[in-house]
Amino acid sequence: MRGTLFVFFALFFVGFVALLIQIFLLDKNDGNRFRKAALAQQSYTNSVLNFQRGAIKDKNGTTMAVSLRRYNLILEPRTLNNNDQMHARTVDALASFFNISRDVLETIIASKPNSMYEHVDDLKELTDEQVEAFRDKMSKDELIDGLWFEETYSRSYPLKNVGCNIIGFLGSDDRGTYGIEENYNDELNGTTGREYGYFDSNMNLQRTIKNAKDGNDLILTIDAHVQEVVEQQIKWFQKKSGAGPAKHVGVMLMNPNNGEIIAMASESTFDLNEPRTLKSMYSQKKIDKMSEEEQKDALMNMWSNFCIGSAYEPGSTFKPFTIAAALDEALINEDFTCNCTGVKHVSGADIHCANRSGHGVLNLQHILMESCNIGLMDIGAKLGREKFSKYTKLFGFGQRTGIDLPGETSGLIHPKEQLNPVELATSSFGQTQTVTMVQMLSGFCSLINGGRYYQPHLVKEILSSDGDTVKKVEPTVIKDTTSEDTCAKIKKFLKATVEEGTASPAKVVGYSVGGKTGTAEKRPLSEKNYLVSFIGAVPIEDPQVAIYVIVDEPNVEDQAHSTFATTFASRILKKVLPFIGIYADEKEVAAAKAEKKKKEAEEASQSEQTEAKPEDESEDQEKKSEDEPEKKETEEQKQEE
C-alpha cells in the first residue's frame, strides 16, 4: 500500500513539475500574445488630451495668433448598441440639433459596433456655445447618451492679413509653416496628455489622466498698429500712386538701438485664416486660368517674405557703407574731393555717373548728397580689394543676419580674389553685388548708432502659459563696424542729403530726417528696369527709428527716379512716427501750416484776378492797340542800343 502511494505521489509530483515547465515555456514564448488576447476581452479607452498652442502677441499685447478651444464629438457605438431606445433617441437628437444626416451617424455606429471611440467628421471643432447647448439637452433626457465631447484647439488670427508674412500659419500637421509659427514651433507647441481607461465587469470606467502641458506665448517686437498702417500704405501705393502697381514693394522699420523690427511688409498679403486661397492677390478669373502648378507657385510667392528672402542690387543706398569704410581706414576725410566729368575709365571700360555731363568738383559731403558715382569709384579704388572686401563682410553682406525667421537668403558678393578694378568700381556704388532688405537695414543701423551691429530680431519675450517669463530676448551686439566719429560724419552727410540733396522728397515737416536714395538698374540692362529705394532714420541726430523702402520696377515708362521711394517713405513716416512715440516739432509744423495758408491765399488771389480779365477784355484790347506803336519803337531802340 505504501509503495502504491509513493508511486502515485511521485507521478503526481513529476506531472506537476512538467506542468510548471510547460506554463513557464508558454509564458516565455507566447506570453505577450495571450496577455493581449486577454486584454482584448475588456473595453479600453485611450484618448489624447490636446495642448493649447501658445499665442503670438505684438509688443503692446495685441493678439496676432491664438488657439481657441473647440470640441470634437466622439460616439460610443458599443454603448449605443446595448440599448435600442438610447440608440434611437441619441441619433435623433444629434441629427436634429446639428443638422446632420442620420445615415452618416448610423453608418459610423454600424461599421464599428464594439468601438468606444469614433469621430464624426462633420461634427469637429464645435464651439463652446454649441457644446453647452447640447449638454443642456442631454441633462434633460437620460436616454441621450453614448457620446462625449473631446477638447481640441483651432488656430485663429484675429488681425487676418496683418503681419501675415511675419506670423506664418499652422499646417495640417499642427506644425508652423513659414514665419514665427515655423521658427518658434517648439516653443509654441506644448506636450499632449493622455487619458487611459477601461470598463470593468460592471461597466464602470476606471481611468488615469496625464494632463497636457500648454505651449509658451511669444511677445513680438512688432507694433501691430504700425504694421497695419505700413501695409495699408503699400496697398495705396500699388493702387493709387502714379508708380503702382510695382513688381515688388518692401518696407521695413527697425529700432537702430537694439535690433528690434517694428514693421516688415511687402505687397504680398493674404488672410492667415485662409492661407491657401489666392483671392487676396488675384481675381477669381485669373485664378481660374492658372494651372495647378501655377497656383502652387503663386501660393509659394504669396507666402514668402520679400524682406528676407529676395536679393537684389541695392544701388546708391550702398554708398554710405563705402564712405564709412574709407573714413574708418583714414584713407579720406571730410576735405576729400573728386572731379566728376560724368565718366570714369576703368580697365578699358567706361563707367558713367548718373549725371552724364558731370558734377564738377565735389567734397565728400556733396559726393553723397549728389550721389556721385565717380566720387565713390575714387573712394573704392583707395580702399582696394582687400579692405573693401573686409568691410563688405563686416557690415553683414553676403551672409545671413540670423534673424529669427525661416527662409532668409544671403545675397551674393564678390569674393576678394574676384574684386578686379571694374568689379571694385561698380561695387563701390552698389551694383554687381546683391543684398537683402534685412542686411541693408541692419548694417545701416550700425552706421547711425555709433557702430554697433545688433542682431535683428522679432521676438522680444517668451512667456509660459501661466504668464511667467521663460526668456527675455536682450539686445545682442554681434560686432562693432565703425567708429563713433565716422558715424557722426555719416549722419551729418545723410541729413544734408535729405535737406539739400537727392533725397529731399523724403522730408517730413517737424522732423529731422536723414537718409540716402538708391536707383539700381536691373539686369539685363537692355530692358531698362530699375529698383529704386530710400534708407534713412529719424531723428537723424539721435536715431530712434530707421526706415528702408524699396520699389522694384515702378509701373511707369521711365522708372529711374528715386522719388517714387522717397516720397513714399515720407508719407509712411508722417503716419507712423506718432504711434512709435516720436513727435513733430510743433513750431515747425505751425510755421509750415502758416506758409501753406499764405501760399494758398496768394494762389486764390491770382485766380480771382485771372477770372476778372474777361470782363475788361475789350478795354484792355483798345489800350493794347494804342500802346502798340510805342512798344514797337521801344523794341527798336533796344536793338540799336
Side-chain angles (χ1 to χ4, degrees), residues 311 313-354 358-359 361-399 410-435 439-440 442-444 446-448 451 453 478-490 493-494 516 518 520-521 535:
E313 295 183 10
S316 296
T317 48
F318 193 86
K319 290 175 179 176
F321 297 98
T322 303
I323 293 174
L327 284 170
D328 250 27
E329 289 291 324
L331 297 170
I332 60 173
N333 56 34
E334 287 188 80
D335 296 327
F336 173 81
T337 62
C338 80
N339 183 18
C340 175
T341 60
V343 64
K344 186 177 179 66
H345 306 287
V346 182
S347 292
D350 288 345
I351 304 177
H352 293 271
C353 188
H359 290 106
V361 177
L362 298 174
N363 64 18
L364 187 59
Q365 177 170 301
H366 282 82
I367 287 172
L368 192 64
M369 284 173 58
E370 302 299 330
S371 200
C372 177
N373 289 349
I374 307 303
L376 266 295
M377 286 189 277
D378 287 349
I379 295 170
K382 282 183 173 294
L383 278 166
R385 63 162 58 169
E386 191 156 334
K387 287 186 173 65
F388 185 86
S389 180
K390 168 192 165 185
Y391 278 91
T392 299
K393 292 176 182 176
L394 185 63
F395 286 121
F397 301 114
Q399 54 201 297
S410 60
L412 189 63
I413 62 173
H414 295 294
K416 179 176 65 177
E417 298 74 22
Q418 294 179 17
L419 271 175
N420 298 316
V422 171
E423 287 74 24
L424 181 59
T426 54
S427 297
S428 69
F429 57 82
Q431 296 276 188
T432 69
Q433 297 195 121
T434 62
V435 302
Q439 281 177 350
M440 283 291 289
S442 298
F444 180 78
S446 77
L447 283 182
I448 58 174
Y453 188 102
I478 302 297
K479 53 193 169 185
D480 294 325
T481 57
T482 59
S483 68
E484 289 193 10
D485 182 60
T486 293
C487 288
K489 290 183 174 69
I490 293 295
F493 299 163
L494 293 171
K516 182 71 188 75
E521 190 171 8
I535 194 164

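Being a predicted model, the structure only gives us computed values, none of them experimental. Residue numbers run from 1 in the order of the sequence given.
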Rounded to the nearest 0.5 Å, how far does [atom2] of [Y] lie from [atom1] of [X]?
X      : Y      : atom1 : atom2 : value
Ile332 : Leu327 : CD1   : CG    : 4.5 Å
Ser371 : Leu376 : OG    : CG    : 7.0 Å
Glu370 : Gln365 : CD    : CD    : 10.5 Å
Ser389 : Arg385 : OG    : CZ    : 9.5 Å
Asn363 : Phe336 : CG    : CZ    : 10.5 Å
Ser428 : Phe318 : OG    : CZ    : 8.5 Å

**Study point:** Verdict with reasoning, Lys319 to Cys372, per side chain to side chain contact (heavy atoms under 4.5 Å, CB included)
**Key:** CA-CA 9 Å; Lys319 290 175 179 176; Cys372 177; 5.9 Å; no
Is the backbone of [Y] close enough, under 3.5 Å, to the side chain of [X] for a donor and an acceptor to pair up by distance?
X      : Y      : answer
His359 : Ile374 : no
Gln439 : Gln399 : yes
Lys387 : Ala325 : no
Gln431 : Glu313 : no

Mind listing the closest non-hydrogen atom pair of [X] and [Y] along with its distance?
X      : Y      : result
Ser316 : Pro320 : O-CD, 3.8 Å
Ser347 : Pro421 : OG-CB, 3.4 Å
Ala425 : Ile351 : CB-CD1, 3.9 Å
Met369 : Phe493 : CG-O, 4.3 Å
Thr317 : Met440 : OG1-CE, 3.3 Å
Thr434 : Ile413 : O-CG2, 4.4 Å

Check your understanding: Is the shortest side-chain N to carboxylate O distance from Asp485 to Lys489 below 4.0 Å?
Key ->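 Result for this pair is yes, salt bridge flagged.
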Check your understanding: In terms of side-chain heavy atoms, does Thr482 have a donor or acceptor partner in Asp328 at a distance below 3.5 Å?
Key ->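 No, no side-chain donor-acceptor pair sits under 3.5 Å.
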[X] versus [Y]: any side-chain heavy-atom pair under 4.5 Å?
X      : Y      : result
Phe388 : Thr322 : yes
Ile367 : Cys338 : yes
His414 : Thr392 : no
Lys344 : Asp378 : yes
Ile323 : Ile490 : yes
Phe444 : Phe321 : yes
Gln433 : Thr426 : no

Point to revise | Criterion side chain to side chain contact (heavy atoms under 4.5 Å, CB included) on Leu447 and Leu494, from CA distance to verdict | key: CA-CA 11 Å; Leu447 283 182; Leu494 293 171; over 6 Å; no
Exercise for review: Run the numbers on Met377 and Leu424 for side chain to side chain contact (heavy atoms under 4.5 Å, CB included), then give the verdict.
Suggested key: CA-CA 8 Å; Met377 286 189 277; Leu424 181 59; over 6 Å; no
Practice item. Determine whether more than 12 heavy atoms belonging to other residues, nucleotides or ligands lie under 6.0 Å from atom NZ of Lys479. Key: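 Atom NZ in Lys479 is packed in, count exceeds 12.
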Practice item. Show your reasoning for whether side chain to side chain contact (heavy atoms under 4.5 Å, CB included) applies to Leu383 and Leu331. Key: CA-CA 7 Å; Leu383 278 166; Leu331 297 170; 3.8 Å; yes
